[in-house]
Amino acid sequence: MSMKSELKDRIWEKKCEEFNWILPILNLHTKGLIGLCLTEEPDFHLHFADRVVGLEFSKLTNDNENAEYNEFKKLLNEYAEKFDQIKLNDSLYEDKPYKIKIWFEAGFKPHTSDGGKVKKHKEDVFEDLTNLLFPSTHYYEPQSGIIRVEPEPSGTLEKTEFQICYINAISTIPSSLIVDIIKKKEAKLQNYEALPRNKTIQEYWLAIGIGEQFDIHSAHLPESFKTRFSKIYAVKDLYLKELI
């Protein structure tokens, strides 16, 4: 497959994902909606009998949480290299790569108990992994929140990999996260309005995709909040909440 074909496939996958996110909005307006165009800047043109709406989509993410998760992944990848060396001298393991499933306390994503930098906990993480993967006869109490590992030999992997198994704790959405998204998208509106293909758009809407760790019903904006968007929706699965 050529690079051009791969690029087209990625763009199409992105548009399909965005379309699935906005389905609750389309369902809400199904009686008045007469057409839809997949575009960019904004992401969709919604055609109604009396107007054209530019609909922009953005997914809400918690950057701090994602950064912490990615740091743990780096740490686990580093330990995986160490594991491949240690297991050579342990009859418990075969001489092949392993897929190691790992669980943290309460089944949640890996996180530091004190909210500090992940790298500061490297020694505890490595010690826990060594004691769990190469157990001794002595009782050991994990220190880093890791509660279980499940190593399985793999015939397809080139080197050992960790698979983090977790469920997301459902939490309320800080209004600051939503406000930040709106401000970033508002900064692009002037450019959108200047594009010739958008000259028929009478108003702009914003759809904010709510990640699985957040409760969509907790989505809210400050009472005095002002925006250039005519409507703002929070969407998740088949649910939506109108914020503006």
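Computed from a prediction, not measured in an experiment: that's the story for all the values here.
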Using 4.0 Å as the upper bound for N to carboxylate O, is an ion pair formed by Arg148 and Glu150?
yes

Go through the steps to decide whether Ile22 and Tyr233 satisfy the test side chain to side chain contact (heavy atoms under 4.5 Å, CB included), and finish with yes or no.
CA-CA 9 Å; Ile22 68 162; Tyr233 294 100; over 6 Å; no

Quick test of your reading of the model: are Asp215 and Lys236 salt-bridged, counting only N-O distances below 4.0 Å?
no

Close side-chain approach of Tyr204 and Ile232, heavy atoms under 4.5 Å
no

For Tyr166 and Phe104, run ring pair (Phe, Tyr, Trp, His ring centres under 6.0 Å): C-alpha distance rounded to whole Å, both residues' side-chain angles, the deciding distance at 0.1 Å, then the answer.
CA-CA 7 Å; Tyr166 68 92; Phe104 288 76; 9.3 Å; no

Is it true that, when you exclude Lys231 itself, more than 12 heavy atoms of the residues, nucleotides or ligands shown sit nearer than 6.0 Å to its NZ?
yes

Any side-chain heavy-atom pair of Phe83 and Thr130 under 4.5 Å:
no

Check whether more than 12 heavy atoms from other residues, nucleotides or ligands sit under 6.0 Å from atom CD of Gln202, and answer yes or no.
yes

Locate the shortest heavy-atom distance separating Pro97 from Leu157; write the atom from each residue and the value.
CG-O, 3.2 Å

Any ion pair linking Glu203 and Arg228 (charged N to carboxylate O, less than 4.0 Å)?
no

Looking at Asp95, I want to see if its CG is surrounded by more than 12 non-hydrogen atoms of other residues, nucleotides or ligands under 6.0 Å.
no

salt_bridge(Glu193, Lys199) N-O dist < 4.0 Å
no

Interatomic distance, Ile102 atom CD1 to Leu76 atom CG [nearest 0.5 angstrom]:
5.0 Å

For Ile216 and Ala234 the tightest heavy-atom approach is CD1-O, 3.5 Å

Hey, could you give me the OG/CD distance between Ser58 and Glu18, rounded to the nearest 0.5 Å?
9.5 Å

Single-linkage hydrophobic cluster, 4.5 Å side-chain cutoff, Leu177 and Leu240 together
no

Does Phe134 have Lys87 sitting over its ring (NZ/CZ under 6.0 Å from centre, angle to axis within 45°)?
no

Is it the case that one hydrophobic cluster holds both Trp103 and Val149, taking links as side-chain heavy atoms less than 4.5 Å apart, direct or via other members?
no

Nearest heavy-atom neighbours spanning Pro153 and Glu94:
CG-OE2, 3.8 Å

A side-chain contact here means heavy atoms from C-beta on lying under 4.5 Å apart; do Gln190 and Lys188 qualify?
no

Residues Lys96 and Glu152 bridged, charged N to O under 4.0 Å
no

With a 4.5 Å cut-off on side-chain heavy atoms, are Phe214 and Thr172 touching?
no

Just how far is it from atom CD of Gln85 to atom CG of Asp90, taken to the nearest 0.5 Å?
13.5 Å

Between Ile208 and Leu206, is a side chain to side chain contact (heavy atoms under 4.5 Å, CB included) present by the stated rule, with each step listed?
CA-CA 6 Å; Ile208 301 175; Leu206 175 63; 4.1 Å; yes

Evaluate the side-chain proximity of Val53 to Ile201: yes if any heavy-atom separation is below 4.5 Å, no if none is.
no

Contact between Leu36 and Phe44 at the side-chain level, heavy atoms closer than 4.5 Å - yes or no?
yes

Could you see if Leu23 belongs to whatever hydrophobic cluster contains Leu46? Use Ile, Leu, Val, Met, Phe, Trp, Tyr and a side-chain cutoff under 4.5 Å.
yes

Knowing that exactly one of Ile164, Thr160, Leu129 qualifies, which makes a side chain to side chain contact (heavy atoms under 4.5 Å, CB included) with Ile100?
Thr160

Side-chain donor-acceptor contact under 3.5 Å, Tyr192 with Glu56:
yes

Any donor and acceptor pair, going by atom type alone, linking the side chain of Asn198 with main-chain N or O of Glu41 inside 3.5 Å?
yes

Of all heavy-atom pairs between Phe48 and Gly32, which one has the smallest distance, and what is that distance?
CD2-O, 3.3 Å

Under 4.5 Å between side-chain heavy atoms, counting indirect links through other Ile/Leu/Val/Met/Phe/Trp/Tyr residues: same cluster for Val235 and Leu33 or not?
yes

Closest heavy-atom pair and its distance - Lys241, Ala219
NZ-O, 2.7 Å

Between Glu78 and Lys82, is there a side-chain N and carboxylate O pair less than 4.0 Å apart?
no

How long is the straight-line distance from OG1 of Thr30 back to CG of Leu26, given to the nearest 0.5 Å?
8.0 Å

Does some side-chain heavy atom of Glu161 sit less than 4.5 Å from a side-chain heavy atom of Lys99?
no

Treat each ILVMFWY residue as a node, draw an edge where side-chain heavy atoms are under 4.5 Å apart, and state whether Ile181 and Phe225 are in one component.
yes

Distance, nearest 0.5 Å, that separates CD1 of Ile173 from NE2 of His217
10.0 Å

Full working for side chain to side chain contact (heavy atoms under 4.5 Å, CB included) between Glu127 and Gln143
CA-CA 8 Å; Glu127 184 177 358; Gln143 304 298 310; 5.5 Å; no

On a heavy-atom basis, which atom in Pro24 and which in Asp237 lie closest, and how many Å separate them?
CG-O, 3.3 Å

What is the distance from atom CG of Asp124 to atom CD1 of Ile146, rounded to the nearest 0.5 Å?
9.5 Å

For the side chain of Tyr93 and the backbone of Asn89, is there at least one donor-acceptor N/O pair under 3.5 Å apart?
no

Just so I know, are the side chains of Ile182 and Leu221 near enough to count as touching, which here means a heavy-atom distance under 4.5 Å?
yes

Salt-bridge criterion met for Glu17 and Lys14 (N-O under 4.0 Å)
no

If you draw a 6.0 Å radius around CG in Leu92, do more than 12 non-hydrogen atoms from other residues or ligands fall strictly inside?
yes

Got more than 12 heavy atoms from elsewhere within 6.0 Å of NZ, Lys73?
yes

Verify side chain to side chain contact (heavy atoms under 4.5 Å, CB included) between Phe229 and Ile244, making sure each step is shown before the conclusion.
CA-CA 8 Å; Phe229 287 103; Ile244 293 289; over 6 Å; no

Aromatic contact between Phe126 and Tyr79, with the criterion being ring centroids under 6.0 Å apart: yes or no?
yes

I'd like to know whether OH of Tyr239 has more than 12 heavy-atom contacts from other residues, nucleotides or ligands below 6.0 angstrom.
no

